[in-house]
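Numbering of residues begins at 1 and proceeds along the displayed sequence.
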Amino acid sequence: MLLISCENDFEKVKLINKDLKIPVGVTDNFILKYSDSALIKAVLESPKNIDYTNQPFPYSEFPEGLKIEFFDPFNGSTTVRSDYGIVFYKTRIVSLEGNVKIISPDGSSIESSQIYWDPDQEWLFTEKNIVFSGEDYEIRAKKMDADRSFKLLKTGQLNGNFLFEDK
């Protein structure tokens, strides 16, 4: 004698896929152009984008690195590169990881193993070591808070070489 019982418990069925992170889409040779008033403001390029906007905490990742170029018709362009990137849509924070390098229009640059970026505030920050360099200086610091142009820059403990005039 064989007894078989079936239940219709949809909540249990949903739990089967609870921990699966299946992306909405995967894009190779990803290029995103952001424009405002018919002017291109930024271009993001990446060999691969994986879109997880279907998750409870939606995000999109760039596992093979990315390059972003921000265009400013008055000051020139700023270039950002990293080996990995992830965008968290609920917090609107971007995490750039691995050989992060930001080059400003004047040629100064910041390098670190990780930098967070808040696009709404146009603010960069990290608790990791940074190297801030330009034509006449190379400064090493243990953390950073900065605006996109590096004109407002706060750091932790400094060491390095730089020239300044005492008047």
Colleague: Could you point out which residue of V100, I93, L96 forms a side chain to side chain contact (heavy atoms under 4.5 Å, CB included) with Y116?
Modeller: I93
Colleague: More than 12 foreign heavy atoms under 6.0 Å from NZ of K101: is that the case here?
Modeller: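 No, not enclosed.
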Colleague: Taking all atoms of both residues into account, what is the closest heavy-atom pair of S82 and E97, and its distance?
Modeller: CB-O, 3.8 Å
Colleague: Taking the six-membered ring for Trp, are the ring centroids of F57 and Y89 within less than 6.0 Å of each other?
Modeller: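 Ring centres of Y89 and F57 not closer than 6.0 Å.
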Colleague: To the closest 0.5 Å, what do you measure between CD (E45) and CZ (F30)?
Modeller: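 Answer rounded to 0.5 Å: 10.5 Å.
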Colleague: Sequence neighbours excluded, which residues qualify as ring pair (Phe, Tyr, Trp, His ring centres under 6.0 Å) partners of Y34?
Modeller: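 Expected list: none.
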Colleague: What do you reckon, is CG of D118 surrounded by more than 12 foreign heavy atoms closer than 6.0 Å?
Modeller: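 Check passes, neighbour count above 12.
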Colleague: So Y52 and I22, do their side chains get closer than 4.5 Å, heavy atoms only?
Modeller: no
Colleague: Please output the side-chain donor-acceptor pairs of residues 61-70 that fall under 3.5 Å, not counting sequence neighbours, one pair per line with the distance.
Modeller:
residue, atom, partner, partner atom, Å
E61, OE1, Y84, OH, 2.5
E69, OE2, S77, OG, 2.9

Colleague: T78 and S104: side-chain donor and acceptor closer than 3.5 Å?
Modeller: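 No - no donor-acceptor pair under 3.5 Å links their side chains.
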Colleague: For D120, what residues pass the salt bridge (charged side-chain N to carboxylate O under 4.0 Å, His left out) criterion, not counting sequence neighbours?
Modeller: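 R92.
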Colleague: To the nearest 0.5 angstrom, please state how far the CD1 atom of I102 sits from the CD atom of E111.
Modeller: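 I102 atom CD1 to E111 atom CD measures 10.0 Å (nearest 0.5 Å).
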Colleague: Taking all non-hydrogen atoms of both residues into account, name the closest pair between V87 and V94 and its distance.
Modeller: CG2-CG2, 4.1 Å
Colleague: Please name the pair of heavy atoms, one in D145 and one in W123, separated by the smallest distance, quoted to 0.1 Å.
Modeller: OD1-NE1, 3.5 Å
Colleague: Looking only at heavy atoms, what is the nearest atom pair of Y137 and S108, with distance?
Modeller: OH-CB, 3.3 Å
Colleague: Does the side chain of K41 reach to within under 4.5 Å of the side chain of S35, using non-hydrogen atoms?
Modeller: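 Side-chain contact under 4.5 Å: no.
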Colleague: Using a 4.5 Å cut-off on heavy atoms from C-beta on, say whether the side chain of K143 contacts that of K128.
Modeller: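 The answer is no; the side chains never approach within 4.5 Å.
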Colleague: Taking the side chain from S112 and the backbone from Q114, do they hold a donor-acceptor pair closer than 3.5 Å?
Modeller: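 It does hold such a pair.
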Colleague: Return yes if some donor-acceptor pair links the side-chain N/O of K90 with the main-chain N/O of P56 below 3.5 Å, else return no.
Modeller: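 A pair under 3.5 Å: yes.
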